[in-house]
Protein chains: 2
Amino acid sequence: MPYGEVLSALADPTRRNILEALCAGPMTVGELAATQPVSRPAVSQHLKALGAANLVSVEPRGNRRLYSIRRDGLQELRWYLERFWSDVLSAYGAEIARRAKPEKESP
Amino acid sequence: MPYGEVLSALADPTRRNILEALCAGPMTVGELAATQPVSRPAVSQHLKALGAANLVSVEPRGNRRLYSIRRDGLQELRWYLERFWSDVLSAYGAEIARRAKPEKESP
DNA sequence: CCTTACCGTAAGGCATGACTAACGGAAACG
DNA sequence: CGTTTCCGTTAGTCATGCCTTACGGTAAGG
């Protein structure tokens, strides 16, 4: 269940901010940390979690490391949510039908 | 940012199980706890968190309390993810364009 | 009434997580 | 080379989260 890691990663506000900051384009850890109210090692750890969830990717650029958004994690979560959504909808349909004709329940 | 609470609520596996169990129809806390490997008070606390995220709703039925799935929380998260998704896509487009013609950057 | 069933809440323990400060390694730069 | 920059990792602290046990309160049932 890869969407579990994605949900855990997205549950943290700082990680969401980092991800949204990466929407502007690939950035180094230093640039990324400058946009956040936490220290650089904290950003580094968050990036590790985001990478484990397939939400970011790294590319060493000489001395620095360039982080970019990766669609895989989000895609995974989207699929899970869509499946969940249709399950909920069908559950609602079944519930309406159950409430509409309860004669079958107590003959 | 209501999706924050939704993400935090969905980050816990037990809460996801509870929610998926509720797809089969409204259930009481006792029935719900019987499907989970944790105690009944634990389920009660999880239901509190799910309610705060607009993922479940309660309806007192005499002695017991009937919990049902609520679409609002999921809808909220879906919207957030879709907006995020399009942002990521446009960021990719901008990045491709940036990589295609870097002449403007260093004249 | 008294009992039983069902449930929410409080208190406490235990694990997990987020953050900082400090260290160490690798690349660029003189 | 020595230095500086950039970064990941570690150790340690502090807060948060999840769980259980125990308690109190309300509704049904004899």
Side-chain angles (χ1 to χ4, degrees), chain A residues 1-22 25-70 73 106, chain B residues 1-22 25-70 73 106:
Chain A
M1 315 157 186
Y3 54 83
E5 283 191 352
V6 182
L7 281 168
S8 299
L10 259 49
D12 188 84
T14 302
R15 278 194 288 260
R16 288 199 298 269
N17 286 338
I18 290 177
L19 227 54
E20 295 177 0
L22 278 180
M27 297 175 67
T28 67
V29 180
E31 297 170 316
L32 225 32
T35 71
Q36 304 296 332
V38 296
S39 69
R40 183 191 53 77
V43 173
S44 203
Q45 291 177 257
H46 284 310
L47 285 170
K48 193 176 182 181
L50 290 171
N54 284 332
L55 286 168
V56 299
S57 63
V58 207
E59 190 180 1
R61 272 286 200 270
N63 203 7
R64 36 197 124 210
R65 314 189 82 211
L66 215 55
Y67 281 87
S68 318
I69 289 197
R70 203 159 181 270
S106 56
Chain B
M1 316 162 187
Y3 54 83
E5 284 192 353
V6 182
L7 281 167
S8 298
L10 259 48
D12 188 83
T14 303
R15 276 192 292 258
R16 287 199 299 268
N17 287 337
I18 290 177
L19 227 54
E20 294 176 0
L22 279 180
M27 299 175 66
T28 68
V29 181
E31 297 171 315
L32 225 33
T35 71
Q36 303 296 330
V38 297
S39 70
R40 183 192 53 76
V43 173
S44 203
Q45 290 178 264
H46 284 310
L47 286 171
K48 192 176 182 180
L50 290 171
N54 286 331
L55 285 169
V56 299
S57 63
V58 206
E59 190 180 1
R61 273 286 200 271
N63 204 8
R64 37 196 121 213
R65 315 189 81 211
L66 215 54
Y67 281 87
S68 317
I69 290 196
R70 202 156 182 271
S106 57

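To find a chain, count down the sequence lines: A is the first, B the second, and so on, and within it residues start at 1.
When the P atom of D/dC18 is taken as reference, atom CZ of B/Arg16 falls 12 Å away, rounded to whole Å. Rounded to whole Å, atom P of C/dG30 lies 14 Å from atom CG of A/Asn63. Between the CD atom of B/Gln45 and the P atom of D/dT21 there is a distance of 13 Å, given to the nearest Å. Spacing between atom CG of A/Asp12 and atom P of D/dG17 amounts to 11 Å, rounded to whole angstrom units. Between the CE atom of B/Met27 and the P atom of C/dC7 there is a distance of 11 Å, rounded to whole Å. Protein atom NZ of B/Lys48 is 14 Å distant from nucleotide atom C1' of D/dG17, rounded to whole Å. Between B/Glu31 atom CD and C/dC7 atom C1' the separation is 13 Å, expressed in whole Å. One interatomic measurement links the two molecules: CG of B/Leu7 to P of D/dT16, which rounds to 19 Å at whole-angstrom precision.
Proximity of B/Tyr67 to the phosphate of C/dG8: a side-chain N or O atom is located under 4.0 Å from OP1 or OP2. Contact annotation: B/Thr28 side-chain N/O to C/dC7 OP1/OP2 distance is under 4.0 Å. Note on A/His46: a side-chain N or O is less than 4.0 Å away from OP1 or OP2 of C/dC19. Between D/dC7 and A/Ser44, no contact under 4.0 Å exists linking OP1 or OP2 to a side-chain N or O. When the side-chain nitrogen and oxygen atoms of A/Arg65 are compared with OP1 and OP2 of D/dG8, one or more of them lie within a distance under 4.0 Å. Contact annotation: B/Ser39 side-chain N/O to D/dT20 OP1/OP2 distance is under 4.0 Å.
At a threshold of 4.5 Å between non-hydrogen side-chain atoms, the residues A/Leu50 and A/Leu22 do not count as touching. Residues B/Leu10 and B/Leu55 meet the side-chain proximity criterion, which asks for heavy atoms closer than 4.5 Å.
Screening residues 50-61 of chain A for salt bridge (Lys or Arg N to Asp or Glu O under 4.0 Å) gives A/Glu59-A/Arg61 as the qualifying pairs, with residues at least two apart or on separate chains.
Counting non-hydrogen atoms under 4.0 angstrom, A/Arg15 reaches the backbone sugars and phosphates but no base.
Nearer to the 5' terminus of DNA chain D, by closest-nucleotide assignment, is the contact made by A/Leu66 (compared with the other of A/Leu66 and B/Val38). Between A/Arg40 and A/Thr14, it is A/Thr14 whose nearest contact on DNA chain C lies nearer the 5' terminus.
The two residues B/Arg70 and B/Ser57 make their nearest non-hydrogen contact at CD-CB, 3.8 Å. Across all non-hydrogen atoms, the minimal contact from A/Ala49 to A/Arg15 is CB-NH1, 3.8 Å.
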